[in-house]
Every structure is written in structure tokens, then in C-alpha cells.
A.B. asks: 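Take a look at the following structure, please.
Per chain, numbering begins at 1; letters A, B, ... match sequence-line order. Values in this document were obtained by computation on a predicted structure and should not be read as measured data.
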Protein chains: 2
Amino acid sequence: MSSPLSPALLTDRYELTMLGAALADGTAERDCVFEVFARRLPHGRRYGVLAGTGRLLEALPHFRFGDAELAALTAQGIDDPRLLDHLAGFRFTGDVDGYAEGDLYFPGSPVLTVRAPFGQAVLLETLALSVLNHDSAIAAAGARMIGAAAGRPCIEMGSRRTHEEAAVASARAAALVGFAATSNLAAGARYGIPTTGTSAHAFTLLHDDEAAAFRAQLATLGTGTTLLVDTYDTEQGIRTAVEVAGPELGAVRLDSGDLAIEATRARALLDSLGNTSTRVIVTSDLDEYAIAALAAAPVDGYGVGTSLVTGSGSPTVGMVYKLVERDGVPVAKNSEGKRSVGGRKTAVRRHDADGTATAEVVSTGPVAAAAHDRELLVPLVRGGAVVDPRSPAETLAAARELHARVRDTLPTEAWSLSRGEPAIDTVPA
Amino acid sequence: MSSPLSPALLTDRYELTMLGAALADGTAERDCVFEVFARRLPHGRRYGVLAGTGRLLEALPHFRFGDAELAALTAQGIDDPRLLDHLAGFRFTGDVDGYAEGDLYFPGSPVLTVRAPFGQAVLLETLALSVLNHDSAIAAAGARMIGAAAGRPCIEMGSRRTHEEAAVASARAAALVGFAATSNLAAGARYGIPTTGTSAHAFTLLHDDEAAAFRAQLATLGTGTTLLVDTYDTEQGIRTAVEVAGPELGAVRLDSGDLAIEATRARALLDSLGNTSTRVIVTSDLDEYAIAALAAAPVDGYGVGTSLVTGSGSPTVGMVYKLVERDGVPVAKNSEGKRSVGGRKTAVRRHDADGTATAEVVSTGPVAAAAHDRELLVPLVRGGAVVDPRSPAETLAAARELHARVRDTLPTEAWSLSRGEPAIDTVPA
């Protein structure tokens, strides 16, 4: 459900604790560069998909501490007057660069760079990571499903399997990587994603018999609708559907059983009844592996729920927000297993003459330009203002378009669903 | 980020499609009973923890279709006047019963029962499942961690690893199962959960050296604070911490390396320096297994992030919302692998004379009372009104108290972290 409070409270307390101490000793004014990156791709994935940047930029102007937020902090014992004063006046005035939303990323890719005084930049850590870690996880899973579907349409329908607001962000991330539609009405309203939906088993059970339910649905939605045929007996369900709807029936949906067998049977039965243009849609615990396994089955579309909205085994992608420069000096921690590289990074993607990506060049110094290089960092915020403000729907459409273009540059091994190494190496300049 | 629209749009389109068709043929008025249950526990877990009911009841009065929501629907092509009329006037007037929030559940437990005309009850499906599936997944993971921690305090700090609003719900679910505090400020504000937080590596890197960072933190937070000592070299970090803070230093935090070895070394070093009451707090990719493995190490508290907010391998719990009665007639689907049992259920938990749970009795008929039985279903909503309205903080406190009481009734095999069968069987009356 929606929060009555500003996104500024969607923040870990330690950001404020650090800020309070930095205000006291003057270090809050130090010019800082923080970078967001992932140390590795989860689960032996071959590539990552950056998603969420647009949502983060949408939230930025609302990231303020008004009276309600300050009162909420005081109630939690945060009562340092200098800190509360700073928060009351907080406006982000720094610069943000980043990979364009929808682009691919690899281990160490600097997907977001925030430059601002410490007292500003530190406040954005939690929200930036929440948004990017979640949305990129869903996008990565969705991209693998789109690849496995090999051109057949995929529909996102996982809202009921994840937090109600995460559901909306999941629908957005799915659309970004090429899903054709979502079941989620709020995602349609906020982002202009096409919404679809026909009926559940409950609708059939509500009626005296299956034929009555089908007739009611056809009367309201027309013959082009999709009838759910597996409530009682799938073969009989298909026969009843054809009987009631006639040869123009849009589709049947199968939501149980061995889907390859069921789809093959359904196709044969529909054809034998003359319904050669009625499509077969499958749903029920699909993930990228199940979709790939259905490649040879006569399936016309996939509805995907749980696996998509939970990131298909990787519900988060491990992005971190690290201080890499302070007053122009590179800084880095040395903690075991979590060492970081100091200094602000630039990044280009190298390609061969055919346009296939060959390397992710990430460097603290200038990168000597090679033919077919693409600069990966673009300016997102300057002096606190979003550089290219667009509506949420336009932002999503641009990211979707970019993603479709960039995924075509991946080497073929990137499409393997099995665990392995990243499709391209991250290399220094 | 917060939604400007009502939770009514956090809904799958097919709920409205079914409703439109049911309004057209008159079945929308049929008296229906829907039940929420899980067919199985994920991942070989021994018990489930019901969480989210309080959040759902909080949302119920806001589940309305106002002008903004109706306009959003029309823009998506939902323009059936009868349907829009019905939605504009929609107020839930039905009854809801359910397990008390914080109670345990097992396969088939009817954790929520909604009785209302179809035209009302069908609308609540998506939101009810989103909330219960998410929150129960986090609660289940958290409960296993609390069990593994065996009395040592656990702190929730996973906000950055999940959707920004899911983070708040996760903090709530963690508090429900016994976490002592959260890092999330919004969770503190909404639910009265204690918030904590000291500093990140960035704070040390911001300063000219570690001692300066420690001094700044101590000056603001006092000697009782927790210093993060592994930015450069942990042994030196601890020595510097003790030098700067003295014998009253509250705690040191270790966030890298082999935590059992690091904690043992830290304890020995602290003791040798005379800081025998300075606690050792560990963080860094902890889950219930890692916590259990640290049982013998000198650790005073655990900070848990990623694994908790992603449900430790099970980010959703597979709850479904099924029509079980229509105008008093039991109904059930027969889909392969997804068969359901028709009829409204009652449920009691059976216990032995020592108060240990022995069975979950779930029945469509009356259950003959046995000694030590506990009725599991309580009235939550009557005629659309919440039966026992409380503040969000009070609701959480009651659920936390109930959970603590009920978990003590589990048989000892329930505490095993390995995969297995549910701790008690679900049986008919």
C-alpha cells in the first residue's frame, strides 16, 4: 500500500547517524563520489540488466524531509538539532551519471555514479540500492524468459506472489525486457503498460456449469477472448469452449498438468474441431527453463508469474553503493572478500566489426577509443535537476527500446540458460 | 515509493473482467466463500508463519475506486458502464475470518476466509495474496533465524536488498517473529519498531584516518555506540577503537571474513585490552545456517539483511485464494496437481497434555472438541468493519506476542533447519 510519508524515510538509520557525525566534524561538506556496482552476477548468469534508474529519478524530487518526516525521526530519538536542520533544508544539488536504463551490465560496471557533498550523497544510498537491486533482479529473470520464448509473447502475471508495490515495479521491469503485457492494473495506470486478463477457475466454479461460465465471458468480452479450460476436464472443457464460442474463439488457456503434453493435445483437438486459429496459452509455474522446454510444443503464448517476480532464484542482484573518491582522492576499503577499487570509473563497451560485444572496459583513467566502442555512462542529473525529464511511460518506452537494441549485441553464448561465466569480461583500459 | 492511487488498483485485471461478466449474468450477487491456504510449505520447511493480515485489514477501508482510479481503468479500455458503476459504489460489506496474525500454519490451513457476494470477494484476491505471500515468506525466514540465534538478538537490515516498500513490510514481518530492531526508518515511523544504525565503511573512508572517523562517531553517539572495525585491518581497527573509546566502548561490528574466526579473535583481543564488556556484533550475508554455525562463537548479536528480506530461498509461500462455496454449495476444481477441497473449513490445533502441538485439524464439518484444542479461526471483519481495530503498532505488538507464545508449542523437530516434513500433520476431523 502507499506510504503517506516521503521516500526519504525509506532509508536506513545509519545514513542519518553518519550524517549527524559528519556535520559535527565538518566532513559532511567533503566532495564525494559514490558508485553503484555489482561484484558478481548472481547464480552464474551471463549478463545483468540495469532496471530501476527511471523510478529512482522519479523519486528524487520527492526525497525531502518535511514536517511529518522530521516528527517521525524525532519520535525515534533522532533529535540532534544540527542534523534535523540539515535534513529540513535538504535538496539534492549534485550530479548523477549512469548506464542508461535497460542497458546490460557486468561485474564491476559502474551503473550509477553520484557526485555530491557527503551530506547529500550518503542519504541516497538505501533508496538507490532498493530500487536498483529489486528492479534489476526482475529484469534479469525476465530477459532470460524472453530469450527462451524465442519470439512467442510473454505476459507478466505475478502480482499475487510478491509485495503489492513490488508487483507494480516488477510489471515495469518485465515490460522493459520485452514482456507484451501485465495483469497489474496499477502498472497500466502508472507506466502505460498494456494490461490483460480474462478469468480464473473461480469464475467457472461460480456458475452452474462450465458452459454457462464460458457463455457469460463471451457475452462480455467477445469471441476473441481466452477461455480457461482445465477446471474439470481439459478435453471436455475445450469441446465445450468450441461449442459455445464457435470457430472464432481467440484462445484457450491451460493452467495445470504437463504443459507440453496438454498443449499438444489441445492443439490437435482444436484443429480437429476446425478451430485452427484458436491459440493455446499456457500458464502454471513457468520459468525460463520450462519455457525453453516448451519450445517444440504448439504454444502461442506464456503467462509467467512467481518465477518472474521473485527473480527466478535470484531475487536481488547484490548491487552496492561505495565511496570511491573524497575531495578528489581515491579511497577504497580493504575488507576481506569485499575489497573495492578507489577512484571514479569510466566505462565503454568494446565491440567487434560485426557489432558483437567483446569486453566491458572499466577504468579510473581515460580509455583510448577503439572502433565500435560505446560510451556507457550518460548524464542523468546535473545540479540536482534531471537532465532529460520524461513521463514515466516515456522513460519506460525508451528503456525498452534501448534494451532490445543492446541485447542483440550479446555474443551467442550469452543465451545459454546454464550457469557459467559472464558473456564478456570486465577489463581495465 | 508511494502510490498516489488507491490500493484497489493493486489488482489483476482479470478480477474486473470476471466481475464485469458476472454482473452481466447476475452471478455477481451469489454468496461466496473464498479461502486462502498454501498447498505445501516451501523448501521442506517444518512450519509456516502467517504474517500480513494486519496490513491487509489496514488497507481494506482504502480499497475504493474513486474518480482517479476509474479514470485509470477507462484509459486501459475498461469501459463497461455497469462494471464502472459497481466499482464506484464498491464498499466491502462481507465477513472475514482468519488465523490470528503471527500464528503458525501448515499445508491446507485456512488462514483467511472471505465471505461476501462474488462481486465483492473477487476484488480482494490479488491484494490479499500479495500481502500474505510476501509477509509470510519473510516471517518464515525470520523465524528460522530467531530459532538459530537461540536468544542472541537479531537486527533486520535488509532494506537495500529488496523493493523499497517491501523493505518496510519486511521489517514489520521480522519484528513480528522476534527481531529486536530494524534499520528502516519508515518501519520505525509506521509500526513503532525500534530502529538502529551506526556507520558504514564510507564513514571511515570519508575521514583522513580510522581514528578520526571513530572519534567523530563517538562524539555524536557516545561511547556506547558500535564501531565498524574492518575497513582496513581488523586487528588494528579494534586496537584503534579501544584506544579512542576506552573500556566503555559498546560494541565492535565485523562485516567481512570468516565470522567465526574473526569473532573469536576480536573477543580475545578485546578481552586482552581490558574491554571485556564490549560486545561483538557480526553482519555479512548471514542466513539461518550461518547463524547456527556461529552458535559456539563469541558473538553478541547478528545483523541480517539479504537472506531475510528475500525469504532465505523462498521469497513467496504459494498461498492461493480459492472459491470453496457458492450459495452454500461446496465447489472445487479438479485441475491436475491443483485439486482443491470444496466447502468452508474450520480448523483447530490439537495438543498433548504438555501443550505440544500434535495435529492441525482442518474440516468442512464440525470438529469434536478434544482436551487442549485451540480454535484457530478468529473473526476479523464483520459486515465490512474490522472487528478489533487497533493502531498499526498495536496490531504488530499483538501478533509478536502471539507468535512468541505459539512457537513454544512446536515439537522439537520443528527447529531442525534441514528439509523435511511439516512438524505436525494436517488431518481431517
A.B. asks: Less than 4.5 Å to any heavy atom of chain B: does that hold for the side chain of A:R160, its backbone, both, or neither?
C.D. replies: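 Both parts, backbone and side chain.
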A.B. asks: So for A:H62, is it side chain, backbone, both, or neither that comes closer than 4.5 Å to the heavy atoms of chain B?
C.D. replies: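 Neither part, no heavy atoms under 4.5 Å.
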A.B. asks: Where on A:Y321 is there a heavy atom nearer than 4.5 Å to chain B: the side chain, the backbone, both, or neither?
C.D. replies: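 A:Y321 has no heavy atom closer than 4.5 Å to chain B.
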A.B. asks: Against chain A, work out which of B:H134, B:R13, B:E262 has the most heavy-atom pairs shorter than 4.5 Å and name it.
C.D. replies: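 Of B:H134, B:R13, B:E262, B:R13 has the most heavy-atom pairs under 4.5 Å with chain A.
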A.B. asks: Which region of B:A332, side chain (C-beta onward) or backbone (N, CA, C, O), has a non-hydrogen atom less than 4.5 Å from a non-hydrogen atom of chain A, or is it both or neither?
C.D. replies: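 Contact with chain A is through the backbone of B:A332 alone.
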A.B. asks: Select one option (side chain, backbone, both, neither) describing which atoms of A:L206 are under 4.5 Å from chain B's heavy atoms.
C.D. replies: both
A.B. asks: I need the residue from A:L83, A:T198, A:D327 with the largest number of non-hydrogen atom pairs under 4.5 Å to chain B.
C.D. replies: A:T198
A.B. asks: Is there a donor-acceptor pair closer than 3.5 Å between any side-chain N or O of A:S130 and the backbone N or O of B:S159?
C.D. replies: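 Yes; at least one donor-acceptor contact below 3.5 Å.
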A.B. asks: Should we say atom CD of B:Q236 is surrounded by more than 12 heavy atoms from elsewhere, each under 6.0 Å from it?
C.D. replies: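 For B:Q236, atom CD is crowded (more than 12 foreign heavy atoms under 6.0 Å).
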A.B. asks: For B:D25, is it the side chain, the backbone, both or neither that has a heavy atom under 4.5 Å from a heavy atom of chain A?
C.D. replies: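 B:D25 touches chain A through side-chain heavy atoms alone.
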A.B. asks: Between A:R253 and A:V229, is the side chain to side chain contact (heavy atoms under 4.5 Å, CB included) condition met? List the steps.
C.D. replies: CA-CA 6 Å; A:R253 176 158 80 95; A:V229 292; over 6 Å; no
A.B. asks: Is a side-chain donor-acceptor pair under 3.5 Å present for B:T126 with B:E15?
C.D. replies: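 Side-chain D/A pair, B:E15 to B:T126: present.
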A.B. asks: Who wins among B:G20, B:G52, B:A21 for the most heavy-atom pairs under 4.5 Å with chain A?
C.D. replies: B:A21
A.B. asks: At a heavy-atom distance under 4.5 Å, which candidate from B:D230, B:L132, B:L23 has the highest pair count against chain A?
C.D. replies: B:D230
A.B. asks: Counting only non-hydrogen atoms closer than 4.5 Å, does B:T306 touch chain A with its backbone (N, CA, C, O), its side chain (CB onward), both, or neither?
C.D. replies: side chain
A.B. asks: Between A:F118 and chain B, with a heavy-atom cut-off of 4.5 Å, which part of the residue counts as in contact: side chain, backbone, both or neither?
C.D. replies: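 Interface part for A:F118: side chain.
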A.B. asks: What part of A:E325 is in contact with chain B, defined as an atom under 4.5 angstrom from a non-hydrogen atom: side chain, backbone, both or neither?
C.D. replies: neither
A.B. asks: I'd like to know if B:K322 pairs up with B:E125 as an ion pair, taking the criterion as any Lys NZ or Arg NE/NH1/NH2 lying under 4.0 Å from an Asp or Glu carboxylate oxygen.
C.D. replies: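 So B:K322 does not pair with B:E125 through a salt bridge.
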A.B. asks: Is it the side chain or the backbone of B:T220 that comes within 4.5 Å of chain A heavy atoms, both, or neither?
C.D. replies: side chain
A.B. asks: Out of B:A213, B:A171, B:A189, B:A72, which one racks up the most heavy-atom pairs below 4.5 Å with chain A?
C.D. replies: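 Max contact count across the listed options: B:A189.
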A.B. asks: Would you check if there is a donor-acceptor pair between the side chains of B:T195 and A:Q76 at a distance under 3.5 Å?
C.D. replies: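 B:T195 and A:Q76 do have a side-chain donor-acceptor pair below 3.5 Å.
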A.B. asks: So what's closer than 4.5 Å to chain B heavy atoms on A:S199: side chain, backbone, both or neither?
C.D. replies: both
A.B. asks: Please classify the contact of B:D233 with chain A as side chain, backbone, both or neither, using a heavy-atom distance under 4.5 Å.
C.D. replies: neither
